[in-house]
Chemist: 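Have a look at the structure that comes next, please.
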Amino acid sequence: MNAPHSSSASDPTAMPSYRPIQALPDQLISQIAAGEVIERPSAVVKELLENALDAGSTQITVRLEQGGVKRIAITDNGRGIPPEQLPLALARHATSKIASLTDLENVSTLGFRGEALASIASVAQLTVTSRTADAPHAWEITGSQFGTVAPASGAQGTTIDVQDLYFNTPARRKFLKSEQTEYGHCAEVVRRIALARPDVSFSLSHNGKTVDHWNVGEFAKRSAHILGDEFANARLPLDESAGPLRLHGFVGLPTASKARADGQYFYVNGRFVRDKLLTHAVRAAYQDVLHGDRYPAYALSLTLDPALVDVNVHPSKIEVRFRDSRAVHQFVFHAVSRALAQTSAVSFGNLPGAAPQSDDSAGAPPPAANAPLPWIREQQQQSFSAQFAEAPRPFSFGGNSGFGVRQNTEAYGSMFRSAPTSGEPDGSAPAAYGATPAAAPAALPEGDFPLGFALAQLHGIYVLAQNQAGLVVVDMHAAHERILYEQLKTALDGNEMFVQPLLIPVTFYADPVEVGTVEEHQETLSALGFDIAVMSPTTLAVRAVPALLKNADAQTLARDVLRDVREYGGSRVLLERRNELLGTLACHTAVRANRSLTLPEMNALLRQMEATERSDQCNHGRPTWTQMGLSDLDKLFLRGQ
């Protein structure tokens, strides 16, 4: 056998020389660890900030030079490090945060590996200056654990000064990006950690200039400062608990979604994470209120027993693993879903609180309290023909509210209090629509109509209404689509998909695949409220449709249902693809553009929007209404200027 050839730097395919197995030097081991933990300056910032928070700091200052490559100096007012422990702080696998496997399985601190400072010291010039509360002065160590501990000046707390990152590993330094790019990564790390700890003040400077400063305050204020006014003005609060799990924070309105996922902050026990399970749970909650490929913004914090989550599955500690991942997914999904259910007209102004939560801790979203549109139309026609048709009352301004709508709403609200509760199919009873009109009074307090009262219809598309704040503009098709969609979901969830038999069945030509789909999936079609019969090898007859969709084109509805059932299978349509199918059916059935509505019909639509969850958006994520305040109109017409 020939002796092995030596490797050649000019020939990357050459075989390396054989070497005996040997222990690596400590310096090289630390540099290898640095390759995993310290991939760029922002990773140094993250490790040092986590240590500062674990030390009980309430004030933290971050100073960067040249994007953190030239210098990273972080000062805190924490408990400090005694001088005799400073060398240990720079030793590999030395830490005060864990001492046993039990501690590792119940990690409650942010930093715990005990190798960050040693790794940083192996690839940069590092100085640690620290002072405890009972020490007369600070102490300092430079370089590594073998450096000399010397007296120094400084207040209580710790300053860690990292200079010339990767000075002794130039190959790694070549992989760093521009100064601004590296600074941007560092600043994002500071923002993430500052967002999680509003009880701590943070200051960030770059090249001697203060860039950001956050005082101690409430989470709402800190999140508004970091995520911006756009998020602050379009968010919903969330705070739910179930057993050992608690989720709190803010979720952004679907209409304020973004083209990129750069406004998403999720924390587990105070640690920023990018976890696929949590991201999927939130995304699923937004699925029928988000438009296209848009991304929601949110700042959410999940707290649970540390023993129920493993934070040690990735060197950067940005991924986690839950002991019961399915329970966590369901909890997050339902909590966010319930928060988004507040996106209705009743969340505007001084109005009732959020919809009541289900007693089931697993948490199915509560059913919407919807009164069927045709029934409300009938009641309005009877009760308000004099008001709206024969002798319409003018809207006047003034009074105690400043510019409130002065209209007699007592009689208007009485139609909700007198809603029929029988289930008889008499043309106006809820049995014909699968809804619950009797629940409407709870959702609509007497005399409280946030969307106001209809004035007119614009181009057969928009409803113009007046409320106390000013002008309300409603996209009537989008609004009605959401109402029908929520009614269909409620009916299907409650196994109350009421059927409307057709007086004359609708027959149409069908290809063999459609005929076969009807024969194979009768049970699924029946659950969805359809009665479709095979009349011949080429003919189908629609004999009944869901009562909520009775005014739609029966043939179109049938073809849509058969297409989805054929493509995805009956059980999957009911379980996984249900919302898409119901959304399609609602879109076909909703009131179309260029259809003329009477004032009572327009007001009926407004009342249903007020009683319907998620009515701020259609099921494609588009807004259903917008508010123009009097001040906005005054600015538009330069009044008072």
Chemist: Quick one: is the NZ or CZ of R197 closer than 6.0 Å to the six-membered ring centre of F219, and within 45° of its axis?
Modeler: no
Chemist: Would a distance-only check, ignoring hydrogens and angles, find a side-chain to backbone donor-acceptor pair under 3.5 Å from S130 to G157?
Modeler: yes
Chemist: Working to the nearest 0.5 Å, report the span between CG of D239 and CG of L247.
Modeler: 8.0 Å
Chemist: Are Q180 and H206 packed together at the side-chain level, in the sense that at least one heavy-atom pair is separated by less than 4.5 angstrom?
Modeler: yes
Chemist: Could you please spell out the steps behind the side chain to side chain contact (heavy atoms under 4.5 Å, CB included) verdict for I81 and T132?
Modeler: CA-CA 6 Å; I81 305 172; T132 58; 5.8 Å; no
Chemist: Check Y295 against Q264 and note the closest heavy-atom contact, atom names and distance.
Modeler: CB-NE2, 3.8 Å
Chemist: State, without any angle test, whether S223 and R235 hold a side-chain donor-acceptor pair at a distance under 3.5 Å.
Modeler: yes
Chemist: Would you check, one step at a time, whether the test salt bridge (charged side-chain N to carboxylate O under 4.0 Å, His left out) holds for E240 with R246?
Modeler: CA-CA 6 Å; E240 288 207 20; R246 182 194 174 204; over 6 Å; no
Chemist: Any side-chain to backbone donor/acceptor pair from S325 onto F322? Under 3.5 Å, distance only.
Modeler: no
Chemist: Against T142, only a single residue in L126, T129, T127 fulfils side chain to side chain contact (heavy atoms under 4.5 Å, CB included); can you say which?
Modeler: T127
Chemist: Decide if atom CD of E218 counts as having more than 12 heavy atoms of other residues, nucleotides or ligands within a radius under 6.0 Å.
Modeler: no
Chemist: To the nearest 0.5 Å, what is the distance between CG on N215 and OG on S203?
Modeler: 9.5 Å
Chemist: Using the six-membered ring wherever Trp is involved, compare the ring planes of H137 and W139 and label them parallel, tilted or perpendicular (cut-offs 30° and 60°).
Modeler: tilted
Chemist: Minimum heavy-atom separation for G452 to E610, with atom names?
Modeler: N-OE2, 4.1 Å
Chemist: Do the non-hydrogen side-chain atoms of T181 and S178 ever get within less than 4.5 Å of each other?
Modeler: yes
Chemist: Return yes if some donor-acceptor pair links the side-chain N/O of S57 with the main-chain N/O of A52 below 3.5 Å, else return no.
Modeler: yes
Chemist: CG of L227 to CZ of R191: how many Å apart, nearest 0.5 Å?
Modeler: 9.5 Å
Chemist: Measure across P41 and E182 and return the closest heavy-atom pair with its distance rounded to 0.1 Å.
Modeler: CD-OE1, 3.3 Å
Chemist: Take D475 and W625 through the test side-chain hydrogen bond (donor to acceptor under 3.5 Å, both in side chains) and record every step on the way to the result.
Modeler: CA-CA 6 Å; D475 181 332; W625 68 285; over 6 Å; no
Chemist: Any side-chain to backbone donor/acceptor pair from D164 onto F167? Under 3.5 Å, distance only.
Modeler: no
Chemist: Side chains of T612 and E486: is there a donor and an acceptor less than 3.5 Å apart?
Modeler: no
Chemist: Drop me the distance from F202's CZ to H213's NE2, to the nearest 0.5 angstrom.
Modeler: 11.0 Å
Chemist: Passes side chain to side chain contact (heavy atoms under 4.5 Å, CB included), V149 versus E140? Steps please.
Modeler: CA-CA 5 Å; V149 178; E140 181 178 278; over 6 Å; no
Chemist: Would you call L117 and I160 a side-chain contact if the rule is heavy atoms closer than 4.5 Å?
Modeler: yes
Chemist: So if I apply the side-chain hydrogen bond (donor to acceptor under 3.5 Å, both in side chains) rule between N207 and each of R71, E179, Q66, which one comes out positive?
Modeler: E179
Chemist: A quick test of your reading: do over 12 heavy atoms of other residues, nucleotides or ligands sit less than 6.0 Å from CD of E188?
Modeler: yes
Chemist: Less than 4.5 Å apart, any side-chain heavy atom of V309 and any of V268?
Modeler: yes
Chemist: Is the shortest heavy-atom distance from the side chain of L49 to the side chain of V190 under 4.5 Å?
Modeler: yes
Chemist: When you look at L340 and Y286, which way does the side chain to side chain contact (heavy atoms under 4.5 Å, CB included) test go after all the steps?
Modeler: CA-CA 8 Å; L340 293 175; Y286 274 90; 3.8 Å; yes
Chemist: Before you tell me yes or no, could you show the steps for E65 and K70 under salt bridge (charged side-chain N to carboxylate O under 4.0 Å, His left out), namely the whole-Å CA-CA distance, both residues' side-chain angles and the distance that decides it to 0.1 Å?
Modeler: CA-CA 5 Å; E65 292 181 15; K70 179 66 176 175; over 6 Å; no
Chemist: Is a side-chain donor or acceptor of Y298 paired with a backbone partner of V282 at a separation under 3.5 angstrom?
Modeler: no
Chemist: For E481 versus C618, what's the shortest heavy-atom pair and its separation?
Modeler: OE1-CB, 4.2 Å
Chemist: Give me the atom names and distance for the closest heavy-atom approach of A339 to L236.
Modeler: O-CD1, 3.4 Å
Chemist: Would you please classify the geometry between the W214 ring and the H225 ring as parallel, tilted or perpendicular, with 30° and 60° separating the classes?
Modeler: perpendicular
Chemist: Restricting to non-hydrogen atoms, name the atom on T159 and the atom on R63 that form the minimum distance, rounded to 0.1 Å.
Modeler: CG2-NH2, 4.2 Å
Chemist: Is the backbone N or O of L48 less than 3.5 Å from a side-chain atom of N51, with the two atoms forming a donor-acceptor pair by type?
Modeler: no
Chemist: Using side-chain heavy atoms (C-beta onward) and a distance below 4.5 Å, is V328 in contact with L302?
Modeler: yes
Chemist: Between atom CZ of R639 and atom CG of L630, what is the distance when rounded to the nearest 0.5 Å?
Modeler: 9.5 Å
Chemist: Where do L278 and V332 land on the side chain to side chain contact (heavy atoms under 4.5 Å, CB included) test, with the steps shown first?
Modeler: CA-CA 7 Å; L278 298 174; V332 172; 4.0 Å; yes
Chemist: Is a side-chain donor or acceptor of R482 paired with a backbone partner of S615 at a separation under 3.5 angstrom?
Modeler: no
Chemist: Do T58 and V216 touch side chain to side chain, with heavy atoms closer than 4.5 Å?
Modeler: no
Chemist: Count the heavy atoms belonging to other residues, nucleotides or ligands that lie under 6.0 Å from NE2 of H280, then report whether that count exceeds 12.
Modeler: no
Chemist: Just how far is it from atom OG of S241 to atom NE2 of H248, taken to the nearest 0.5 Å?
Modeler: 9.0 Å
Chemist: Any donor and acceptor pair, going by atom type alone, linking the side chain of N467 with main-chain N or O of P450 inside 3.5 Å?
Modeler: yes
Chemist: Donor-acceptor pair, N233 side chain versus D229 backbone, under 3.5 Å?
Modeler: yes
Chemist: So, does Q59 use its side chain to make a donor-acceptor pair with the main chain of D76 at under 3.5 Å?
Modeler: no
Chemist: Compare all side-chain heavy atoms of D616 with those of P623 and state whether any distance is below 4.5 angstrom.
Modeler: no
